[in-house]
Amino acid sequence: MKTGTSNYTPKCLEFSKYFKGMQGVTTHQSEDIDYNDFSGTVYVNHYEFVCIDQMEESGYMVYINNPNGHDGEQWVFGYYKTFGRALKKAAAIVEKREYPKPIEIW
């Protein structure tokens with residue numbers, strides 16, 4: 001039975017909770033329950049700041065699309081086997097409000 005996409009899965013709730021109360025920060029997250037596919041974005045002052053996407057069953061990618069002054073680029077900051085490690089990396093980027101050196105640029 002297909003159940004679809006939800007914003008209230010355990011991963012979505014943990015993602016939202018992790019950034020709750022941070023000044024100027026909002027989030028959007030969803031997970032396709034049928035395919036176990038999570039995607040979350042953190043916005044700082046209404047601008048996309050950092051994202052986490054699940055890479056099939058292999059883990060999670062932490063990245064940003066179109067960083068300021070780099071239109072058309074995607075910067076990847078890391079690949080992580082667990083959601084918790086990806087979440088900690090994204091939180092560290094948001095807390096510092098600056099990007100580390102990317103490991104890949106697309």
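We use all heavy atoms of the structure for the numbers below, so side chains are in, but hydrogens, waters and symmetry mates are not.
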Closest non-hydrogen atom pair between [X] and [Y], with its separation:
{"X": "Asp53", "Y": "Ser39", "value": "OD1-OG, 2.7 Å"}
{"X": "Gly40", "Y": "Phe38", "value": "N-CE2, 3.5 Å"}
{"X": "Ala86", "Y": "Val62", "value": "O-CG2, 3.6 Å"}

Given side chains that start at C-beta, do those of [X] and [Y] come closer than 4.5 Å, heavy atoms only?
{"X": "Phe49", "Y": "Ile93", "value": "yes"}
{"X": "Lys11", "Y": "Gln29", "value": "no"}
{"X": "Val76", "Y": "Ile105", "value": "no"}
{"X": "Tyr63", "Y": "Trp75", "value": "no"}
{"X": "Val42", "Y": "Val25", "value": "yes"}
{"X": "Glu31", "Y": "Ser6", "value": "no"}
{"X": "Pro67", "Y": "Gln74", "value": "no"}

With [X] via ring pair (Phe, Tyr, Trp, His ring centres under 6.0 Å) - residues at least two apart:
{"X": "His28", "value": "none"}
{"X": "Phe19", "value": "Phe15"}
{"X": "Phe77", "value": "Tyr99"}

Are Tyr60 and Tyr80 near enough that their ring centres are under 6.0 Å apart?
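No, the ring of Tyr60 stays outside the 6.0 Å limit from the ring of Tyr80, centre to centre.
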Please check if atom CG in Asn68 has more than 12 non-hydrogen atoms from other residues, nucleotides or ligands closer than 6.0 Å.
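No, because the 6.0 Å sphere around CG of Asn68 holds 12 heavy atoms or fewer from other groups.
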Can you pull the salt bridge (charged side-chain N to carboxylate O under 4.0 Å, His left out) pairs that have at least one residue in residues 13-22, sequence neighbours excluded?
none
Nearest 0.5 Å please: distance from the [atom1] atom of [X] over to the [atom2] atom of [Y].
{"X": "Asn65", "Y": "His70", "atom1": "CG", "atom2": "NE2", "answer": "13.5 Å"}
{"X": "Thr5", "Y": "Tyr35", "atom1": "OG1", "atom2": "OH", "answer": "10.0 Å"}
{"X": "Asn7", "Y": "Leu13", "atom1": "CG", "atom2": "CG", "answer": "9.0 Å"}
{"X": "Ile52", "Y": "Arg85", "atom1": "CD1", "atom2": "CZ", "answer": "12.5 Å"}
{"X": "Arg97", "Y": "Met22", "atom1": "CZ", "atom2": "CE", "answer": "7.5 Å"}

Qualifying residues under side chain to side chain donor-acceptor pair (under 3.5 Å), relative to Asn66, sequence neighbours excluded
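Testing Asn66 for side chain to side chain donor-acceptor pair (under 3.5 Å), a comparison that skips the adjacent residues, returns none.
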For Thr41, what residues pass the side chain to side chain donor-acceptor pair (under 3.5 Å) criterion, not counting sequence neighbours?
none
Between Phe83 and Lys88, does the side chain to side chain contact (heavy atoms under 4.5 Å, CB included) criterion hold? Intermediate values first, please.
CA-CA 9 Å; Phe83 180 68; Lys88 286 179 183 176; over 6 Å; no
